[in-house]
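Since the structure comes first, as structure tokens, the remarks are kept for the end.
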Amino acid sequence: MAPPSSFLWSRRILLTLLTGFVLVPVYVMVSSSLKPLADVTGRFRWLPSGLTIRPYIDIWSTVPLAHYFLNSLIVAGTATVCSVVIAVFAAYAVSRYSFRGKRVFTVTVLSTQMFPGILFLLPLFLLYVNIGNATGIALFGSRGGLILTYLTFSLPFSIWMLIGYFDSVPRDLDEAALVDGCGPLGALLRIVVPAAIPGIVAVAVYAFMTAWGEVLFASVMTDDTTRTLAVGLQGYSTLNDVYWNQIMAASLVVSVPVVAGFLLLQRYLVAGLTAGAVK
């Protein structure tokens, strides 16, 4: 039975409004990034009077954007790899084995997501400073310290999500691998991990996006040499002027890795989120 015409028209109108709601800000960003600064700071025009690619050239010299880009890539990439590797082993142990304190561990992992990140800012700052004073290991103002900081809130969610995904993988696969001569580690790496690729990809995308766009901890835990993109974009705002066209251009440039990765891994991401949420 075909739906009534009123439903079809209502759906079309709603989808059109939602599409405009999403695309209008993108259009404003793209058009502003292609305008001279005088046109951006003046009255907004939907149709630019003149276009220029100069903002995309100037963004690399106004601030050391390439250096910030490298810092973000190293920090986000390392945090993602560490989060995935640790989460895979921890989630597999919780999913497949029974041990004392298992329930306490899972509840503790989940409960860490209840608190806002700002509550951990001051304790981590004091912890890093005291460790540096006592041992000489520079965690504050370093990439390593920022990576550890991101693991504190990306790793618990990654573990919890992979527990649900590993629970959906039949245990018969593990048993068949053990019968064929694999040990527990071989069964994990050769059988379970290939079967859980969608969930692992979903965790990797989440960890990367969390670290790539984080501002609060990066603004406190970094200095001029370790500053990331999310904080470095503030350099386009000076005491004398705000380079709005360069801010828009830089924002589009730094969003390319995340958007490209999401589009390439969208199939795995949707499958992993769905399987991890429903047992």
Side-chain angles (χ1 to χ4, degrees), residues 25 29 33 55 58-87 112-133 135-159 161 202-239 242-244 246-262:
M29 288 185 63
S33 68
D58 293 338
I59 58 175
W60 306 100
S61 56
T62 302
V63 301
L65 188 64
H67 182 69
Y68 297 157
F69 192 96
L70 179 61
N71 287 337
S72 291
L73 192 61
I74 293 175
V75 171
T78 306
T80 299
V81 172
C82 293
S83 182
V84 169
V85 172
I86 298 173
T112 57
Q113 305 300 303
M114 300 170 54
F115 304 100
I118 194 172
L119 292 180
F120 300 98
L121 181 59
L122 182 58
L124 286 175
F125 172 79
L126 296 177
L127 183 64
Y128 288 174
V129 171
N130 290 329
I131 290 176
N133 294 333
T135 64
I137 301 175
L139 292 177
F140 177 74
S142 66
R143 296 170 179 168
L146 193 59
I147 292 170
L148 290 177
T149 302
Y150 290 157
L151 287 176
T152 60
F153 49 85
S154 66
L155 187 56
F157 179 83
S158 301
I159 294 174
M161 183 175 175
V203 167
V205 172
Y206 165 79
F208 186 85
M209 292 180 64
T210 301
W212 185 263
E214 201 279 326
V215 177
L216 176 63
F217 289 94
S219 61
V220 177
M221 299 292 187
T222 59
D223 53 25
D224 293 338
T225 59
T226 59
R227 190 165 296 162
T228 59
L229 281 172
V231 182
L233 292 179
Q234 300 176 4
Y236 294 104
S237 176
T238 64
L239 295 176
V242 179
Y243 301 98
W244 290 109
Q246 296 187 37
I247 292 178
M248 298 299 177
S251 300
L252 291 172
V253 170
V254 301
S255 64
V256 169
V258 176
V259 174
F262 180 83

Fill in the blank from the handout: OH of Tyr150 to OG of Ser83, rounded to nearest 0.5 Å, is 13.5 Å
Problem - Contact summary for Ser72 and Thr228, nearest pair of heavy atoms - result: OG-CB, 3.2 Å
Handout entry: Distance-only side-chain donor-acceptor flag, Ser154 / Thr210, under 3.5 Å
Key = no
Fill in the blank from the handout: So OG1 of Thr62 and CD1 of Ile247: to nearest 0.5 Å the spacing works out to 10.0 Å
Exercise for the section: Step through the shown structure and confirm whether more than 12 heavy atoms of other residues, nucleotides or ligands are within 6.0 Å of CH2 on Trp244. Expected result: no
Practice task
Side-chain contact test, heavy atoms from C-beta onward, threshold under 4.5 Å: evaluate it for Leu229 versus Leu65 and give yes or no.
Solution key: yes
Exercise for the section: Could you pull out the closest heavy-atom pair between Ala230 and Val215, with the gap in Å? Expected result: CB-CG2, 3.7 Å
Problem - N/O donor-acceptor pair under 3.5 Å between Ser237 side chain and Gln234 backbone - result: no
Handout entry: Asn71-Arg227 side chain donor-acceptor pair, cut-off 3.5 Å
Key = no
Handout entry: For Ala79 against Leu151, the heavy-atom pair lying closest together
Key = O-CD2, 3.6 Å
Practice task
Using atom types as modelled and distance alone, determine if a side-chain donor or acceptor of Glu214 lies under 3.5 Å from a backbone N or O of Ala218.
Solution key: yes
Fill in the blank from the handout: Correct closest heavy-atom pair for Ala138 and Ser142 would be O-OG, 2.8 Å
Problem - No-hydrogen, no-angle side-chain donor-acceptor test under 3.5 Å, Asp223 and Thr226 - result: yes
Fill in the blank from the handout: Rounding to 0.5 Å, atoms CD (Gln246) and CG (Leu233) come to a distance of 11.5 Å
Practice task
Would you mind reporting whether Thr78 and Ile74 have side-chain heavy atoms less than 4.5 Å apart?
Solution key: yes
Problem - Worked check of side chain to side chain contact (heavy atoms under 4.5 Å, CB included) between Ile131 and Leu127 - result: CA-CA 6 Å; Ile131 290 176; Leu127 183 64; 3.9 Å; yes
Handout entry: Smallest separation among heavy atoms of Ser219 and Val231, with atom names
Key = N-CG2, 3.5 Å
Handout entry: Sub-6.0 Å ring centroid separation between Trp212 and Tyr68
Key = no
Practice task
Answer yes or no: does atom CE of Met29 have more than 12 heavy-atom neighbours from other residues, nucleotides or ligands under 6.0 Å?
Solution key: yes
Practice task
Report the distance from atom OG1 of Thr222 to atom CZ of Phe140, rounding to the nearest 0.5 Å.
Solution key: 8.0 Å
Problem - Results of side chain to side chain donor-acceptor pair (under 3.5 Å) for Ser33 - residues two or more places apart only - result: Tyr56
Handout entry: Value rounded to 0.5 Å, distance of CZ in Phe208 from CG in Leu73
Key = 6.0 Å
Handout entry: Distance in Å, Leu148 CG paired with Met221 CE, rounded so as to fall on 0.5 Å steps
Key = 10.5 Å
Run the side-chain donor-acceptor check on residues 118-125: report pairs under 3.5 Å with partners two or more places apart or on a different chain.
none

Practice task
With the side chain counted from C-beta on, respond yes when Thr152 and Phe217 share a heavy-atom pair under 4.5 Å apart, and no when they do not.
Solution key: no
